[in-house]
Amino acid sequence: MKSKYQKIKGTFDILPPDTQLWKEVEDILHNISEQFSYKEIRTPALESINLFQQNVGYETDVSKEMFSWEDQSNQQVALKPEMTAPVVRAYIESGFFRSNPLCRLYYIDSLFRREKPQKGRQRQFNQFGVEAFGSSSIEQDVEVILMATTCLKALSINETILHINNIGSPETRVKYEQLLKKYFSQNSKALSGLSQKRLDSNPIRILDSKEKEDQLIIQNAPIIKELLTVKEKADFNTLLTNLDTLHIQYEESPHLVRGLDYYNGTTFEITTQSDKSQNALCGGGRYDFLVEQMGGPSTPAIGFAAGIERMIIESKHQIKQNNIDVYISCNESINSPKCFSLIKNLVENDYKVFFDTNKKNVKNQIKDAVKRNASFILIIDQNMTIKNIKSNEESIVSDFQQLLNFLKTQ
RNA sequence: GUGACUGUAGCUCAGUUGGUUAGAGCCCCGGAUUGUGAUUCCGGCUGUCGUGGGUUCAAGUCCCAUCAGUCACCCCA
């Protein structure tokens, strides 16, 4: 029905029965994180705008798409558009780097980006993600990727592709950028307009281009692997070997570059097999320099984030049936004290009740109980009659204990 | 942010070249029947046809604007 008010563009309500699905999906993500001994972190929705502008990169779209404003005390604030910067901020501010040298955190949270909405791309959206601080070893990379694939599997999301790459150290990246610039300059006339613009500002992003005319040139572009150090190459191979052992399929994607500025080393992305535009379920990578850049001690780190909306779209997860145990019929107010004390006792004994406060007639209540898949109906008038709806067995009970006995013996 | 398409009851849709009080199925509510409170039958409810303008004797049907959604670009989760 038309409402006087409508939801803000790009936002959405989660309604029953979908709330049940969301809850179960979130439970799965919580459980897997706890199984890997990651601890939950929750950070404020609102942060100082500088946190994002200075750390995800001025030029990235993420920082351009922020919901931000100046508040009543002239503070520049923003709704968080991504989680890594807030988590790092909290990590430093809390002193976890001292008390918890190998610090593993995870979150499930809402983020905000002022993009043009589309299916799987809302302005308020939800992410699940993990951040692991304090280990520079490649095994940490393996663990994080294993977590990501474990979650997708647990959510019955099959037919995904893990794209993986190593973008090396910042120095390698600079060298690579120069190499690319040189290469693309030689072919600049054949490039698309957008890519030509990027030649100077951010040649690495040309690799991401979807323009047809760019594809051939991109295919033959130099790949960063050639510039990696011996150790970086060895680490990458170790990573791949581990994935092989775990039977995690992957595709080496030498052109996979991530949108945020702070990445180095391993980067990965998990997409669906369709080539629709919102096909990225999960993306992450190493960011060994961000903690220090943000004023903390030099701390290696790696993490990923996954879009909950997108995972739910792809998930084949079936929600659990959560049926009513006892449907309560009590149509005379004079009996309601008796009725409520039974309800209270039933609930305290972990029974799920449904009380028809509309006081329909008993015949319709029975129909209703059947429709709602209730196991029993308790009819409270002068007597109390409990009936097993499936077997039709029924009994008149005089107190809660007798009711309990009946329920237990069914 | 750019472009294209879509917008009729809670849901899925029909509505012929603009022409009388806008329809169906499902859902919901109630009644009847009933040896399975299943089935069946009967009845009822709900819409300013996304919104606002315009053209016309007449607009759900045409035009413009606007809002929202979908798709592509862009970007990313």
Side-chain angles (χ1 to χ4, degrees), chain A residues 1-12 15-17 29 56-57 59-66 80-84 107-130 148 151-152 157 160 163 192-195 197-198 202 205 208-212 214 256-261 263 267-272 274-285 303-314 327 329 356 358 360-374 377 379 387-392 394:
Chain A
M1 198 168 147
K2 217 164 10 273
S3 162
K4 187 172 168 187
Y5 304 104
Q6 62 179 238
K7 54 188 163 298
I8 298 282
K9 180 174 180 165
T11 66
F12 62 102
L15 307 167
L29 299 172
V56 308
E59 286 309 310
T60 60
D61 292 270
V62 172
S63 79
K64 287 176 199 154
E65 290 167 349
M66 271 191 287
K80 56 187 171 188
E82 61 105 38
M83 269 304 271
T84 300
Y107 56 84
I108 293 176
D109 212 338
S110 284
L111 303 176
F112 304 84
R113 268 141 63 174
R114 237 193 98 84
E115 297 181 283
K116 182 150 180 173
Q118 227 171 93
K119 190 172 188 179
R121 185 169 82 175
Q122 272 76 32
R123 288 183 168 191
Q124 175 176 354
F125 62 105
N126 296 278
Q127 278 192 350
F128 160 71
V130 311
C151 288
L152 294 177
I157 301 170
T160 58
H163 305 267
S192 64
L194 184 65
S195 293
K197 270 185 213 155
R198 280 177 170 158
N202 198 351
R205 293 214 51 75
D208 258 356
S209 166
K210 285 179 188 161
E211 302 291 328
K212 282 200 185 100
D214 293 342
L256 172 66
V257 290
R258 313 238 62 246
L260 277 29
D261 281 359
Y263 285 108
T267 59
F268 67 97
E269 193 168 286
I270 302 175
T271 64
T272 65
S274 88
D275 54 359
K276 293 196 120 187
S277 68
Q278 313 305 332
N279 68 351
L281 297 170
C282 171
F304 72 79
I308 297 182
E309 288 80 3
R310 292 182 187 184
M311 291 196 292
I312 283 179
I313 290 168
E314 296 299 321
Y327 188 107
S329 156
D356 172 38
N358 269 347
K360 283 196 284 228
N361 68 48
V362 175
K363 188 184 170 73
N364 283 336
Q365 284 176 329
I366 294 174
K367 278 189 183 176
D368 196 32
V370 169
K371 198 171 61 193
R372 290 175 193 274
N373 235 318
I377 180 162
I379 300 161
K387 178 172 183 171
N388 182 325
I389 291 172
K390 274 138 207 159
S391 68
N392 265 345
E394 67 175 70

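Below, chain A is the first sequence line, B the second, and so on; all start at residue 1. Everything numeric in this text was worked out from a predicted model, so none of it was measured.
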**Asked** So what does A/Leu281 touch, heavy atoms closer than 4.0 Å: a base, only the sugar-phosphate, or nothing?
**Response** sugar-phosphate

**Between B/G43 and B/A4 - P atom distance, rounded Å** = 49 Å

**Message:** Work out how far the P atom of B/U40 is from that of B/G50, and round it to whole angstrom.
**Reply:** 34 Å

**Asked** Closest nucleotide of RNA chain B for A/Arg310 versus for A/Gln6: which of these residues is on the 5' side?
**Response** A/Gln6

**Prompt:** Applying a 3.5 Å limit to both distances, which nucleotide forms a Watson-Crick or G-U wobble pair with B/A22?
**Reply:** none

**Asked** Roughly how many Å is it from CD1 in A/Ile379 to C1' in B/G37, rounded to a whole number?
**Response** 11 Å

**Message:** The test is side-chain contact (heavy atoms from CB on, under 4.5 Å); show your working for A/Leu29 and A/Met311 and say whether it passes.
**Reply:** CA-CA 11 Å; A/Leu29 299 172; A/Met311 291 196 292; 4.1 Å; yes

**Prompt:** Just to confirm, is there a sub-4.0 Å distance from OP1 or OP2 of B/C73 to any side-chain nitrogen or oxygen of A/Lys116?
**Reply:** no

**Prompt:** Do the non-hydrogen side-chain atoms of A/Ser277 and A/Arg121 ever get within less than 4.5 Å of each other?
**Reply:** no

**Any side-chain heavy-atom pair of A/Asp109 and A/Gln127 under 4.5 Å** = no

**Request:** Please state whether the base of B/A77 and the side chain of A/Arg121 form at least one donor-acceptor pair under 3.5 Å?
**Result:** no

**Item:** Nearest-Å distance for atom pair NZ/C1', residues A/Lys119 and B/A4
**Value:** 19 Å

**Item:** Interatomic distance where CD belongs to A/Gln365 and C1' belongs to B/G30 [whole Å]
**Value:** 15 Å

**Prompt:** Just by modelled atom types, is the A/Asn126 backbone N or O under 3.5 Å from a matching donor or acceptor in the A/Glu309 side chain?
**Reply:** yes

**Asked** To the nearest angstrom, how far is A/Ile270 atom CD1 from B/C76 atom P?
**Response** 18 Å

**Request:** Identify the nucleotide, in any strand shown, that forms a Watson-Crick or G-U wobble pair with B/C49, with both distances under 3.5 Å; if there is none, say none.
**Result:** none

**Prompt:** Reckon A/Lys363 touches a base, only the sugar-phosphate, or nothing at all at heavy-atom distances under 4.0 Å?
**Reply:** base

**Item:** Among B/C73, B/A77, B/G69, the one nearest A/Ser277 by side-chain distance
**Value:** B/C73

**Asked** Taking A/Phe125 as the fixed residue, which of A/Glu115, A/Arg310, A/Arg113 is the one that meets the side-chain contact (heavy atoms from CB on, under 4.5 Å) rule?
**Response** A/Arg113

**Request:** Take atom P in B/C13 and the same atom in B/U6, then report the distance between them in whole Å.
**Result:** 15 Å

**Request:** Please determine if a side-chain N or O atom of A/Lys9 lies less than 4.0 Å away from the OP1 or OP2 oxygen of B/A68.
**Result:** yes

**Message:** When you measure from the side-chain N and O atoms of A/Asn364 to the phosphate of B/G31, is any distance below 4.0 Å, counting only OP1 and OP2?
**Reply:** yes

**Asked** What's the CG-P distance between A/Leu15 and B/C27, to the nearest Å?
**Response** 21 Å

**Message:** Give me the distance, rounded to whole Å, that separates B/A65 from B/G47 when you measure between the P atoms they each carry.
**Reply:** 31 Å

**Request:** Looking at every strand, decide which applies to A/Asn361 at a 4.0 Å heavy-atom threshold: base, sugar-phosphate, or nothing.
**Result:** sugar-phosphate

**Asked** What's the CD-C1' distance between A/Glu394 and B/G37, to the nearest Å?
**Response** 13 Å

**Fill in**
A/Ile8 atom CD1 is separated from B/A68 atom P, nearest whole Å, by 9 Å

**Request:** For B/C71, take OP1 and OP2 only and decide whether either is under 4.0 Å from a side-chain N or O of A/Lys276.
**Result:** yes

**Request:** Just call it for A/Lys387: base, sugar-phosphate, or nothing, with non-hydrogen atoms closer than 4.0 Å on any strand.
**Result:** base

**Item:** Listed nucleotide nearest any side-chain atom of A/Arg114, set B/A38, B/A77, B/G1
**Value:** B/G1

**Pairwise 5' ranking along RNA chain B for A/Ile377 and A/Met1, keeping only the more 5' one** = A/Met1

**Prompt:** In terms of side-chain heavy atoms of A/Lys360, which of B/G30, B/G37, B/A77 is nearest?
**Reply:** B/G30

**Asked** If we call it a pair only when both distances are under 3.5 Å in a Watson-Crick or G-U wobble match, what pairs with B/G60?
**Response** none

**Request:** Report the C-alpha separation of A/Ile379 and A/Lys387 in whole Å, then their side-chain angles, then the decisive distance to 0.1 Å, and conclude whether the side-chain contact (heavy atoms from CB on, under 4.5 Å) test is met.
**Result:** CA-CA 8 Å; A/Ile379 300 161; A/Lys387 178 172 183 171; 5.7 Å; no

**Request:** Using the P atom on both, measure B/C73 against B/U55 and round to a whole Å.
**Result:** 41 Å

**Message:** Just the rounded figure in Å: distance from P of B/C73 to CG of A/Asn279.
**Reply:** 10 Å

**Asked** How far, in whole Å, is B/U20 from B/G15 if one measures between their C1' atoms?
**Response** 15 Å

**Side-chain-base donor-acceptor pair under 3.5 Å for A/Gln278 and B/A72** = no

**Prompt:** So with a 6.0 Å cut-off around CD1 of A/Ile8, is the heavy-atom count from everything else above 12?
**Reply:** no

**Same-atom distance (P) from B/U12 to B/C64, integer angstrom** = 28 Å

**Asked** How far, in whole Å, is B/U8 from B/A22 if one measures between their C1' atoms?
**Response** 9 Å

**Request:** Ignoring backbone atoms, test whether A/Gln118 places a side-chain nitrogen or oxygen under 4.0 Å from the OP1 or OP2 oxygen of B/A72.
**Result:** yes

**Fill in**
Applying the 3.5 Å cut-off to both distances, the Watson-Crick or G-U partner of B/C73 turns out to be B/G1

**Message:** My understanding is that a pair needs two contacts under 3.5 Å, Watson-Crick or G-U wobble. By that rule, which nucleotide pairs with B/U17?
**Reply:** none

**Request:** Give A/Gly129 one of three labels, base, sugar-phosphate or nothing, depending on what nucleic acid heavy atoms sit under 4.0 Å from its own.
**Result:** nothing

**Message:** Quick one about A/Ser329 and A/Gln365 (side-chain donor to acceptor, distance below 3.5 Å, no hydrogens or angles considered), yes or no?
**Reply:** yes

